[in-house]
Amino acid sequence: MATLRGKTAPRWTAVFLLWTALCCLFLPAVTVKHENFKKCDQSGFCKRNRAFADAAAATASWASPYALDPTTITFENGELHAIVIKTLKDGQEKVRLPLTITFLESGVARVTLDEERRQKGDITLRHDSKIRKERYNEAGKWALVGGLKVADGAALSEKAEDGYTSVFYGHGSKHQAVIQHAPFGIDFQRDGETQVRFNERGLLNLEHWRPKVEKPAEEKKKGEEETQEEDKKEEEPVGEDESTWWEESFGGNTDSKPRGPEAIALDVSFPGYEHVFGIPEHATGLSLKTTRGGDGAYSEPYRLYNADVFEYEMDSPMTLYGAIPFMQAHRKGSTVGVFWLNAAETWIDVTKSKSTSNPLSLGTKSHTTTQTHWISESGLLDVFVFLGPTPQDLTRQYGELTGYTAMPQSFAIAYHQCRWNYVTDEDVKDVDRKFDKFKIPYDVIWLDIEYTQEKKYFTWDPLTFVNPDKMHRQLAKSDRKLVAIIDPHIKNTNDYPVIDELKKKDLAVRNKDGNQYEGWCWPGSSMWIDCFNPAAISWWKELFKYDRFKGTAPNTFIWNDMNEPSVFNGPETTMPKDNIHFGGWEHRDVHNINGMTFHNATAQAISERKKGELRRPFVLTRAFYSGSQRSAAMWTGDNLAEWSHLEASIPMVLNQGISGFPFAGADVGGFFGNPSKELLTRWYQTGIYYPFFRGHAHIDTRRREPYVPGAPYTEIITQALRLRYQLLPAWYTAFHEAHTTGAPIIRPNFYVHPEDERGFAVDDQLYIGSTGLLAKPVTKEGATSVDVYLADDQPYYDYFDFTTYEGPGTHTVPAPLEKIPLLMQGGHIIPRRDRPRRSSGLMKFDPFTLVVVLDKTGAAKGDMYVDDGETFDYEAGAYIHRRFSFDAKRSILTSTNAVPFGAKATTKQEAYLKSMSKVRVEKVIIVGAAKSWKGKSEVAVMEEGAKESARRKTAAVEFHAGSGNTANWAVVRDPKVGIGRGWKIDFS
């Protein structure tokens with residue numbers, strides 16, 4: 001949702017909104033207000049560290065003032081400990097920085113650098129503050145859930161090197177950390193080649209604690225500028241600027257900074273890597289641009305600082321709603337990465353340089369090195385290093401650390417219908433009936449803030465939502481759900497039990513003076529629940545019980561918006577950094593984690609709303625951090641109904657996937673503005689490829705439910721929606737793979753084809769899981785075809801008519817408005833369900849179709865996973881996971897268990913298999929069928945577990961000869977084999 005809205009806004013806000021609306025009648029839509037958000041030179045610590053980098057680059061004799069004291073090195077049980085010394089004032093003062101390098105069993109290395117004086121509490125806080133004195137050291141408590149087992153085999157090198165310490169680690173000891181003592185730096189090597197470098201350019205900069213020297217008033221007035229310049233030269237290396245050490249103002253708010261300057265920065269280089277990906281969320285391409293100016297480059301660093309950005313712009317490194325500080329670098333044959341575990345405001349510069357291994361050698365191929373500069377305002381230096389070598393290794397290892405995406409309820413991956421706002425319960429029921437009238441499938445309808453009574457969460461407006469129970473019952477008849485919005489700001493008003501309890505139990509965020517913080521959001525005066533507090537989480541969970549949140553039902557789920565947190569009268573539309581959270585931490589330390597603590601609490605709350613009734617939660621969040629994937633889905637926020645936003649949604653969602661948060665989507669149709677019918681149609685044809693698929697719109701937009709545009713658009717949109725529903729078995733299988741391996745649900749070209757250099761930057765097409773389905777959405781107005789890039793020499797077939805495209809390179813695929821460009825890569829078997837239904841829940845016991853897409857050798861394979869789509873019984877084995885394989889030599893299609901069950905079946909497993917015993921395969925389609933099959937009328941079918949008379953049988957087969965570029969295909973109808981059993985179909 002956008003920032004400025006709400007019936008309870010003050011009068012001046014209402015006047016402003018009216019004026020803005022009138023202006024919009026005559027002027028183009030206003031985009032993001034840059035003056036509300038900082039640039040690097042307005043963020044003191046970013047400006048200081050960028051200046052530090054400039055000074056280092058400009059000084060020929062530059063040497064980093066950090067050195068490791070070799071006499072302090074200890075190594076035991078896979079961990080190296082030492083002290084790094086920061087030298088000040090010509091060597092007269094030294095700051096001790098404890099270093100720990102942990103080598104994990106997974107092959108990942110973790111580097112942490114702290115500050116001894118703050119660590120021991122040997123500092124003085126300003127303003128009599130009662131906050132913690134140490135650097136924030138609890139980010140891992142929220143972000144990390146596993147993967148931290150220390151490697152037993154990590155070992156110091158037996159060969160001592162003067163000025164260096166080396167540790168071998170990883171599988172087969174193929175990884176090596178080469179630690180340079182002076183100046184301090186680390187090279188991370190794989191098979192003897194450096195892949196990642198720390199402090200290569202000497203930009204490590206940990207701002208140590210120092211007391212503020214108060215000057216007499218008369219001295220301040222006299223020669224202030226000269227004195228400041230002298231202080232800078234004495235206190236810090238070139239580039240430091242004391243003006244924002246002790247306090248900082250922006251937008252009328254002043255940050256008190258009781259701990260003084262405490263930023264942490266480090267340069268991380270990827271030698272030989274031209275492409276880097278990740279660090280969402282930004283409205284930019286998949287392959288990250290450089291940030292130091294030049295043609296096509298940015299001049300600002302990428303910023304990670306969760307913020308409520310109104311009408312964000314395209315192609316920008318500007319911060320958005322979420323932050324995942326995980327970056328991957330990729331080149332042919334290798335993928336590596338770093339995870340910067342820090343929850344404070346963070347800026348990242350990206351630069352690139354070309355070089356050759358030997359400049360004097362003729363014909364030597366140059367390579368590009370990507371250099372990055374990470375800068376955070378507070379906290380520890382805490383960095384994980386991944387050495388790959390494959391993209392799959394990185395997503396798996398990152399997932400082991402931060403958790404894999406939650407296994408959603410099956411309805412959650414179907415279509416969601418939303419707008420701000422469906423205005424009454426009758427309106428909701430009418431929309432529901434119209435979807436049925438036009439035979440359009442959907443699973444979920446959503447309510448924005450207007451359903452509440454005066455913006456008080458956990459209430460219903462008694463004048464507009466008169467009978468929410470009846471509304472829920474109507475939806476339940478078609479197995480549909482309702483999602484209601486609940487935000488973290490609680491209206492500060494009389495006669496509202498929720499705010500009364502929040503205050504009485506002292507569960508709100510506090511201001512710098514230690515009082516409960518009061519700010520402004522949709523309800524007007526508000527307070528914010530502090531979900532860093534375990535007591536607050538326990539209380540929050542109680543609010544969702546059926547007897548507390550009356551009018552809700554088992555088919556009610558939750559949307560958490562505005563949880564950056566958005567504060568309308570706060571600096572940069574968020575909470576003051578010197579606010580205080582549970583445990584004595586400042587908001588500056590935990591800002592990017594804040595939204596995750598809130599949606600985690602909500603997910604816990606709706607998992608068990610009635611004692612003993614556990615259900616998988618569904619929570620949508622706008623703000624997120626590393627680990628959010630464990631409990632929520634996300635969307636890309638308040639986009640615009642413009643072609644550029646449609647186009648940008650693809651790389652944004654792809655980037656979420658490779659960054660460990662694959663349950664992602666964008667508002668179909670654009671939140672702001674009114675899309676043309678063509679744009680709306682193309683957006684639905686794109687949205688069917690978002691893992692999270694929701695149509696949404698601003699309160700001031702015209703209605704645009706799929707049945708509104710009329711012919712032919714409604715019919716075309718309906719066909720797109722039916723395609724999503726037809727392929728739900730493939731989508732659910734892809735979600736299961738993400739849940740168990742960390743793999744993205746939709747995948748960019750480099751992830752599927754990591755050796756294909758020409759395709760590394762391709763980000764306008766996508767693969768769906770491991771299905772081989774390749775989609776190229778139409779994102780240009782008036783387009784009637786698309787150019788699809790194929791990276792390999794496998795045959796690709798049009799999903800609908802089996803037109804064949806072969807050979808690496810670019811192929812033009814027809815795409816008139818009614819056509820969805822979707823190809824099938826040879827070598828895959830795709831499960832689907834072909835019977836159109838009103839919702840996915842009504843498909844639960846429908847039969848399956850298998851589409852067998854043969855590769856150039858005549859083989860294919862694929863998986864299908866299915867469970868009850870609702871409970872956690874799958875954890876006890878209550879699922880079906882089949883592996884299908886077509887053997888080219890024997891022409892036999894087989895179904896086997898992908899994961900063999902244990903020796904003894906569980907009760908839940910047996911019950912689920914029994915419930916699915918009558919679900920069968922009703923059709924098998926073979927694409928690329930051999931010509932020799934022509935004239936064949938039947939195939940032999942053998943099934944395990946069937947009655948003796950049914951184990952061996954035959955089924956009819958029809959052969960269809962292709963013409964021109966169309967492939968041959970064959971179809972087996974009703975082979976009468978159970979989806980949960982082993983079987984074979986013999987085509988020989």
Item to check | Test item: Arg835 side-chain N/O and Asp846 main-chain N/O as donor-acceptor pair under 3.5 Å | outcome: no

Next on the checklist: Measuring from atom CZ of Phe692 to atom CG of Leu620, what distance do you get when rounded to the nearest 0.5 angstrom?
Outcome noted: 4.5 Å

Next on the checklist: With side chain to side chain contact (heavy atoms under 4.5 Å, CB included) as the criterion, how do Phe411 and Phe557 come out once you've worked through the C-alpha distance, each side chain's angles and the decisive distance to 0.1 Å?
Outcome noted: CA-CA 11 Å; Phe411 79 82; Phe557 296 86; 3.7 Å; yes

Item to check | Heavy-atom closest contact (Thr395 atom, Pro744 atom, distance) | outcome: CG2-CD, 4.4 Å

Item to check | Check: Tyr767 ring centre within less than 6.0 Å of Tyr751 ring centre | outcome: no

Next on the checklist: Quick one: does any side-chain atom of Thr291 pair with a main-chain N or O of Val350 as donor and acceptor, under 3.5 Å?
Outcome noted: yes

Checklist entry - With no hydrogens and no angle check, is any side-chain donor or acceptor of Gln794 less than 3.5 Å from a backbone partner on Asp855? => result no

Item to check | Nearest-0.5 Å distance that lies between atom CD in Glu818 and atom CD in Gln685 | outcome: 9.0 Å

Checklist entry - With a 3.5 Å cut-off and no angle check, do the side chains of Glu737 and Tyr865 form a donor-acceptor pair? => result no

Item to check | Tyr404 side chain reached by Thr740 side chain, heavy atoms, under 4.5 Å | outcome: no

Item to check | ring-ring contact (aromatic ring centres under 6.0 Å, His included) partner of Tyr415, chosen from Tyr725, Tyr442, Tyr684, Trp446 | outcome: Tyr684

Checklist entry - Cut-off 3.5 Å, side chains only: do Asp443 and Ser840 have a donor facing an acceptor? => result yes

Next on the checklist: Ring centroids only, cut at 6.0 angstrom: are His645 and Tyr312 within range, meaning strictly under it?
Outcome noted: yes

Item to check | Result of checking Thr319, Asn655, Leu304 against His282 for side chain to side chain contact (heavy atoms under 4.5 Å, CB included) | outcome: Leu304

Next on the checklist: Can you tell me if Arg703 has over 12 outside heavy atoms packed within less than 6.0 Å of its CZ?
Outcome noted: yes

Checklist entry - Is a side-chain donor or acceptor of His599 paired with a backbone partner of Phe624 at a separation under 3.5 angstrom? => result no

Checklist entry - Between Gln765 and Tyr789, what is the shortest heavy-atom contact and its length? => result NE2-O, 2.7 Å

Item to check | Ser287 side chain reached by Phe277 side chain, heavy atoms, under 4.5 Å | outcome: yes

Next on the checklist: Nearest 0.5 angstrom please: Ile658 CD1 to Leu286 CG, how far?
Outcome noted: 5.0 Å

Checklist entry - Looking at Asp479 and Arg837, does any basic side-chain N land under 4.0 Å from a carboxylate oxygen? => result no

Item to check | Within 45° cone of Trp559 ring axis and under 6.0 Å: Arg694 NZ or CZ | outcome: yes

Item to check | Ring centres under 6.0 angstrom apart (Phe671, His698) | outcome: yes

Checklist entry - Do Asp315 and Tyr298 get their side chains close enough for a donor-acceptor pair, meaning under 3.5 Å? => result yes

Next on the checklist: Main chain of Pro408, side chain of Arg616: is a donor-acceptor contact present, judged purely on distance under 3.5 Å?
Outcome noted: yes

Item to check | Ser478 backbone acceptor or donor facing Arg838 side chain under 3.5 Å | outcome: no

Checklist entry - Do Tyr302 and Leu288 come within less than 4.5 Å of each other through their side chains, counting heavy atoms only? => result yes

Item to check | Sidechain-backbone polar pair: Asn421 side chain, Asp448 backbone, donor-acceptor under 3.5 Å | outcome: yes

Item to check | Donor-acceptor under 3.5 Å (Arg758 side chain, Ala791 main chain) | outcome: no

Checklist entry - Taking side chain as C-beta onward, heavy atoms only, is Phe438 less than 4.5 Å from Pro706? => result no

Checklist entry - Does the gap between the ring centers of Phe750 and His275 come in under 6.0 Å? => result no

Item to check | Smallest separation among heavy atoms of Ala297 and Thr290, with atom names | outcome: CB-OG1, 3.2 Å

Checklist entry - Is there a donor-acceptor contact under 3.5 Å linking the side chains of Thr402 and Arg630? => result no

Next on the checklist: Looking at Asn639 and Asp667, would you say the former's side chain and the latter's main chain have a donor-acceptor pair under 3.5 Å?
Outcome noted: yes

Item to check | Test of ring centre spacing under 6.0 Å for His416 and Trp635 | outcome: no

Checklist entry - Are any of the side-chain heavy atoms of Ile688 and Trp731 separated by less than 4.5 Å? => result no

Checklist entry - What's the shortest heavy-atom distance between Ala664 and Pro691, and which atoms? => result O-CD, 3.2 Å

Item to check | Contact check, side chains of Phe802 and Met824, non-hydrogen atoms, under 4.5 Å | outcome: yes

Item to check | Step-by-step side chain to side chain contact (heavy atoms under 4.5 Å, CB included) determination, Met318 to Glu300 | outcome: CA-CA 8 Å; Met318 184 178 181; Glu300 286 287 306; over 6 Å; no

Next on the checklist: Is any side-chain heavy atom of Val708 closer than 4.5 Å to one of Glu705?
Outcome noted: yes

Item to check | Salt bridge flag under 4.0 Å for residues Arg682 and Glu781 | outcome: no

Checklist outcome for this item: For Asn563 and Arg622 the tightest heavy-atom approach is OD1-N, 3.7 Å

Checklist entry - Can you find a pair of side-chain heavy atoms, one from Phe672 and one from Asp638, that are under 4.5 Å apart? => result yes

Item to check | Heavy-atom donor-acceptor pair, Arg396 side chain to Thr741 backbone, under 3.5 Å | outcome: no

Next on the checklist: If you apply the rule side chain to side chain contact (heavy atoms under 4.5 Å, CB included), what do you find for Asn306 with Tyr321, and how did you get there?
Outcome noted: CA-CA 5 Å; Asn306 297 356; Tyr321 311 95; 5.9 Å; no

Next on the checklist: For the CG atom of Asp834 and the CD1 atom of Ile925, what is their distance to the nearest 0.5 Å?
Outcome noted: 6.5 Å

Checklist entry - Do other residues, nucleotides or ligands put more than 12 heavy atoms under 6.0 Å from Lys289 NZ? => result yes

Checklist entry - To the nearest 0.5 Å, how far apart are CE in Met634 and CD in Gln629? => result 11.5 Å

Item to check | Residue pair Tyr690, Val668: steps toward the side chain to side chain contact (heavy atoms under 4.5 Å, CB included) verdict | outcome: CA-CA 10 Å; Tyr690 301 152; Val668 171; 4.0 Å; yes

Checklist entry - If you take all heavy atoms of His739 and Thr405, which pair is closest and at what distance? => result ND1-O, 2.9 Å

Next on the checklist: Would you compute the distance between atom CZ of Arg419 and atom CD1 of Ile445 and round it to the nearest 0.5 angstrom?
Outcome noted: 11.0 Å

